[in-house]
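No hydrogens, no waters, no symmetry mates; every other heavy atom, side chains included, goes into these values.
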Number of protein chains: 2
Amino acid sequence: MTRSRRERLRAETAREIKTIALKLMAEGGPDAISLRAIAREMGMTAGAVYGYYATRDDLITTLVGEVYTDLVDTVEAARDARPADDAAGRVQAWAGALRTWALANPQGFRLVYGDPVPGYRPPEGGPGAAARARACAGLTALIAAAWPHARAAHGHTSYQWSDFGEELGAHVRAEHPGLPPEAVALALRTWGRMHGLLALELYGHLSPVAFAPGALYRDEMRDLIRSLGLVPPVD
Amino acid sequence: MTRSRRERLRAETAREIKTIALKLMAEGGPDAISLRAIAREMGMTAGAVYGYYATRDDLITTLVGEVYTDLVDTVEAARDARPADDAAGRVQAWAGALRTWALANPQGFRLVYGDPVPGYRPPEGGPGAAARARACAGLTALIAAAWPHARAAHGHTSYQWSDFGEELGAHVRAEHPGLPPEAVALALRTWGRMHGLLALELYGHLSPVAFAPGALYRDEMRDLIRSLGLVPPVD
DNA sequence: GCATTTACTACACGGCGTTCAGTTTCCATA
DNA sequence: TATGGAAACTGAACGCCGTGTAGTAAATGC
């Protein structure tokens, strides 16, 4: 059962490829991830990498999954550092951790949410989809906690469960019985609201016109929390 | 004064290069813009293009400017189709035109707001900056019209003019005397709010989990308009 | 008519993803 | 422990790419 020496070496090499790829990405952005550069850094030939990843997009897909998972781990941990009954604090913690992570890993943000690479199109399933599902579920949980206060302002729209992905809908109905699809819509809108300013900032569209992006984001998140019927924390 | 035949031909060729570049982009995304492909399409050599644009990034920069300008023209036109005293309608028109344009020109949206191309970094000045300035000014004008209703909810944050770009600040103070910097902050937050869901949708992050992105965007914009102290139009 | 400027070609360089035939290295089994 | 076979890797190639540079053909201005 213990993996053979060959398998261990193989796993180690695959790991090293990913590590170097992430290093190259951190230094030069997602486009700097080239199989040739990775091979060069490892003292190998470009062709050798094909023994581990069938194509460059396969490697990118794996990286997207890992980075996305790291992001979701981070925001979930920040959220769980607040008590479960502090709905506003948990939203704020999630949002704050998201920006902190994004500023610390700008290229990772681009990898996950941008055009990872020239012609890259994310595959349907895969690790990226799992991380995204976790993110959507996490956001919906935040909204579920706030829903008693938010329903007055956001319960009048009309959505059906069929407006959302099979998996997400099933998860929400199992995890939050009685929560209407309107709440999922609000969760996804919340996602967009967190994403907007961050994307503008990280792609350099904000810096020429605004020198205090952190304040903008903080106020936007406060407004979001207020819009959920909650009271924004003072810190 | 009338431009010589040489100059006319030259301008025509430069125009053709841009047109073909936009066609390639519409077909295969911003990364499909390659000087060799353009030259091939024109029956020229790749090197010949260098007579018109010093580098590929120069061409990209020009395209970003043109596409961005087209976008701003579009949203401004939609806004101006509503009466000047219909603040809510003008916000809605702007937002609606933005999404319509983005769905009609998805690759243009990516060109302007994403990583236009592998190692591309937008230059400081240039046509893109001018279009962005127009967009920010337009958004601020929308907020200025709503400010009497919005100030109660959004006037308590603290910003200074130095928190914003020189040019933007000067423009706003000239155009909207008495408008505080908090309104500019609100305008930029509004920009982010419009951008977020759109970016998620156009980069394919929404489609696996939400099948009614238009409804999400509509409701988000309604909420935005309400948050500005205005009454969302019914249409 | 001629000299100059302009537009363009042809070619080269290095980098990229990807493929493939051939070689080396390691492991399990006889 | 020797050997057969699999796995890992090399080296070279193909066709893309951006970008220079030297040379050529044509249009222009005097």
Item to check | Per B:Ala46 side chain, nearest of listed nucleotides D:dT19, C:dG17, D:dT10 | outcome: D:dT19
Next on the checklist: On the nucleotide C:dT25, are OP1 or OP2 found under 4.0 Å from the side-chain N or O atoms that A:Arg10 carries?
Outcome noted: no
Checklist entry - Any side-chain N or O of A:Thr55 under 4.0 Å from OP1/OP2 of C:dT18? => result yes
Next on the checklist: Between B:Glu182 and B:Tyr159 (side chain of the first, backbone of the second, donor and acceptor by atom type, cut-off under 3.5 Å), is there such a pair?
Outcome noted: yes
Item to check | Verdict with reasoning, A:Tyr113 to A:Leu202, per side-chain contact (heavy atoms from CB on, under 4.5 Å) | outcome: CA-CA 11 Å; A:Tyr113 287 114; A:Leu202 286 164; over 6 Å; no
Checklist outcome for this item: Taken to the nearest whole Å, CD1/A:Ile38 to P/C:dG15 is 16 Å
Next on the checklist: Within the structure provided, determine whether B:Glu27 and B:Gln107 are in side-chain contact (heavy-atom separation under 4.5 Å).
Outcome noted: no
Next on the checklist: Taking only side-chain N and O atoms of A:Tyr52, does any of them lie within less than 4.0 angstrom of OP1 or OP2 on D:dC9?
Outcome noted: yes
Checklist entry - Out of C:dC8, C:dT18, D:dG18, which nucleotide sits closest to the side chain of A:Leu35? => result C:dT18
Item to check | Separation of D:dC9 C1' from A:Arg6 CZ (nearest whole Å) | outcome: 11 Å
Next on the checklist: Tell me whether the side-chain N/O atoms of A:Ser34 come closer than 4.0 Å to OP1 or OP2 in C:dC16.
Outcome noted: yes
Item to check | Nearest-neighbour nucleotide for the B:Tyr50 side chain, D:dC9, C:dT9, D:dG18 considered | outcome: D:dG18
Checklist entry - Salt-bridged, A:Glu66 to A:Arg15, with N to O below 4.0 Å? => result yes
